[in-house]
> 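Structure provided below as structure tokens; questions to follow.
Just so you know, ligand 1 is whichever comes first in the structure, and atom 1 is the first atom listed for that ligand. It should be emphasised that the depicted structure is a prediction, and the values quoted were computed from it without experimental measurement. Just so you know, residue 1 is the first one in the sequence shown, and it goes up from there.
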Amino acid sequence: IMLSLTVLFVGVAIYISRLMSKRAMVPIETAFQKQKEFVADASHELRTPLSVMLSSINALEMQEEVTEDPFSKKLINNMKAEVKRMTSLVSDLLTLARSDSNKVEKAMMPFDITDAVQKVMESVETLAISKHIDLQLDTPEKLVVTGDQERLTQLIYILLDNAIKYTTPHGSVNIQVVQHGSECILKVRDTGVGIHPDEKDRIFDRFYRADKSRSRQMGGHGLGLAIAKWIVETHKGKIDVESEQEKGSTFTVRLPMSQKVKKS
Ligand code: ADP
């Protein structure tokens with residue numbers, strides 16, 4: 001009798017605790033959902049005042065009082081740099097908040113990834129030239145993959161921009177695209193500062209910056225690689241990094257050549 005009473009008691013206790021934890025999960029999930037929606041709404045709302053501020057600063061910059069006064073010019077330049085930094089932070093926050101809501105519509109369609117790489121190269125060229133970095137391109141003439149063109153272009157931009165940012169002047173950055181069976185492999189190699197082995201996994205975390213002062217100086221806020229990882233995952237691909245400190249890093253992205261064309 002004692003044994004069956006104990007078994008009954010334990011059974012009831014387990015049942016009650018499961019019931020309670022299930023009930024407790026509902027408000028926690030709702031709170032998380034609310035928090036994600038708040039971040040998405042807040043970042044969306046911040047975009048308009050920021051663009052108004054930027055255009056006002058641009059107008060102010062043209063004023064004679066500013067062009068002729070080095071101190072005012074310096075202040076305006078500082079303001080402009082910070083507003084630009086915040087605009088990019090807000091846009092990255094919005095991308096990640098939307099990704100959390102799983103309501104992002106993917107526009108999956110066939111496109112030429114070589115063409116996308118070339119366009120990104122053109123947009124980062126000025127930064128590379130200013131640092132005397134040799135940008136090398138190693139791609140087939142044309143390689144058609146199925147994916148979200150805008151997102152994959154953003155992924156290539158994040159990797160190339162980082163490679164240039166974290167490479168000291170006179171170094172080199174190489175981007176390679178190859179087809180390997182049913183996969184498209186994209187490699188971005190740099191001869192930059194490299195990443196410490198302990199930090200290799202953490203650099204894909206939100207707001208993680210291996211070298212905070214260097215990253216901030218470069219205009220970074222630690223969301224680029226989190227977005228890159230999300231983009232790769234939504235395409236059912238993989239992203240890895242190999243790196244040696246003071247020698248350089250290689251980011252490798254593997255993407256299936258074709259995707260199911262459907263909305264997520
Ligand atoms: P950030 O805006 O700081 O560049 P990211 O999420 O793009 O943020 O990268 C996170 C961190 O990973 C960076 O702060 C930097 O320390 C490190 N990192 C990223 N790419 C490279 C690279 N090519 N070489 C060395 N370090 C890198």
Side-chain angles (χ1 to χ4, degrees), residues 39 43 46 50 81-100 117 120-121 123-138 150-177 185-235 237-254:
V39 178
S43 12
L46 281 166
L50 279 170
E82 289 304 313
V83 169
K84 278 191 176 165
R85 222 173 95 78
M86 202 161 161
T87 307
S88 119
L89 170 63
V90 161
S91 144
D92 284 355
L93 273 176
L94 189 60
T95 305
L96 284 171
R98 284 183 176 157
S99 79
D100 284 337
V117 170
V120 177
M121 286 271 282
S123 67
V124 295
E125 217 166 29
T126 326
L127 180 62
I129 291 173
S130 72
K131 291 182 76 178
H132 305 281
I133 287 173
D134 182 21
L135 261 182
Q136 300 152 0
L137 185 68
D138 179 5
E150 199 183 317
R151 294 275 174 231
L152 289 177
T153 305
Q154 187 180 10
L155 162 77
I156 299 165
Y157 180 85
I158 292 169
L159 296 180
L160 262 184
D161 184 56
N162 274 351
I164 299 170
K165 275 193 320 197
Y166 300 109
T167 294
T168 35
H170 302 283
S172 67
V173 169
N174 172 285
I175 177 155
Q176 186 190 37
V177 180
I185 301 174
L186 198 125
K187 274 186 195 284
V188 178
R189 294 193 189 89
D190 66 57
T191 56
V193 296
I195 301 154
H196 191 275
D198 294 348
E199 291 181 313
K200 261 171 52 179
D201 294 329
R202 304 184 66 192
I203 54 167
F204 294 98
D205 292 349
R206 294 178 188 190
F207 290 111
Y208 189 81
R209 293 175 297 173
D211 184 332
K212 292 191 180 36
S213 59
R214 180 188 281 138
S215 163
R216 205 195 132 78
Q217 205 186 336
M218 298 295 170
H221 39 250
L223 291 176
L225 288 180
I227 294 179
K229 191 169 177 224
W230 167 70
I231 296 173
V232 172
E233 282 170 358
T234 59
H235 284 81
K238 283 207 163 64
I239 181 162
D240 291 305
V241 59
E242 283 165 65
S243 183
E244 208 178 322
Q245 277 194 293
E246 307 308 327
K247 290 259 166 71
S249 313
T250 302
F251 284 81
T252 306
V253 175
R254 288 165 202 280

> Can you name the residues that form a side-chain hydrogen bond (donor to acceptor under 3.5 Å, both in side chains) with Asp92, not counting sequence neighbours?
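Result, side-chain hydrogen bond (donor to acceptor under 3.5 Å, both in side chains) vs Asp92: His221.
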> Does atom CG of Asp201 have more than 12 heavy-atom neighbours, drawn from other residues, nucleotides or ligands, at distances under 6.0 Å?
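Not more than 12 within 6.0 Å, no.
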> Taking side-chain hydrogen bond (donor to acceptor under 3.5 Å, both in side chains) as the test, write out the residues that go with Thr87, two or more places apart.
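Not a single residue meets the side-chain hydrogen bond (donor to acceptor under 3.5 Å, both in side chains) criterion with Thr87.
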> Rounded to the nearest 0.5 Å, what separation is found between the CZ atom of Phe251 and the CG atom of Leu159?
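Result: 6.5 Å between the selected atoms.
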> Taking side-chain hydrogen bond (donor to acceptor under 3.5 Å, both in side chains) as the definition, give me every residue that meets it alongside Arg209, ordered by chain and number, with sequence neighbours left out.
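With neighbours one apart ignored, the set is empty.
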> Give a yes or no on whether Glu242 atom CD has more than 12 heavy-atom contacts from other residues, nucleotides or ligands under 6.0 Å away.
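At most 12 heavy atoms, drawn from other residues, nucleotides or ligands, come within 6.0 Å of this atom.
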> Taking any residue with a non-hydrogen atom under 4.0 angstrom from an atom of ligand 1, which ones do you get?
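Lining ligand 1 at under 4.0 Å, by heavy atoms, one finds Asn162, Ala163, Lys165, Tyr166, Asp190, Val193, Gly194, Ile195, Ile203, Tyr208, Arg209, Ala210, Asp211, Ser215, Gly220, His221, Gly222, Leu223, Gly224, Leu225, Ser249, Phe251.
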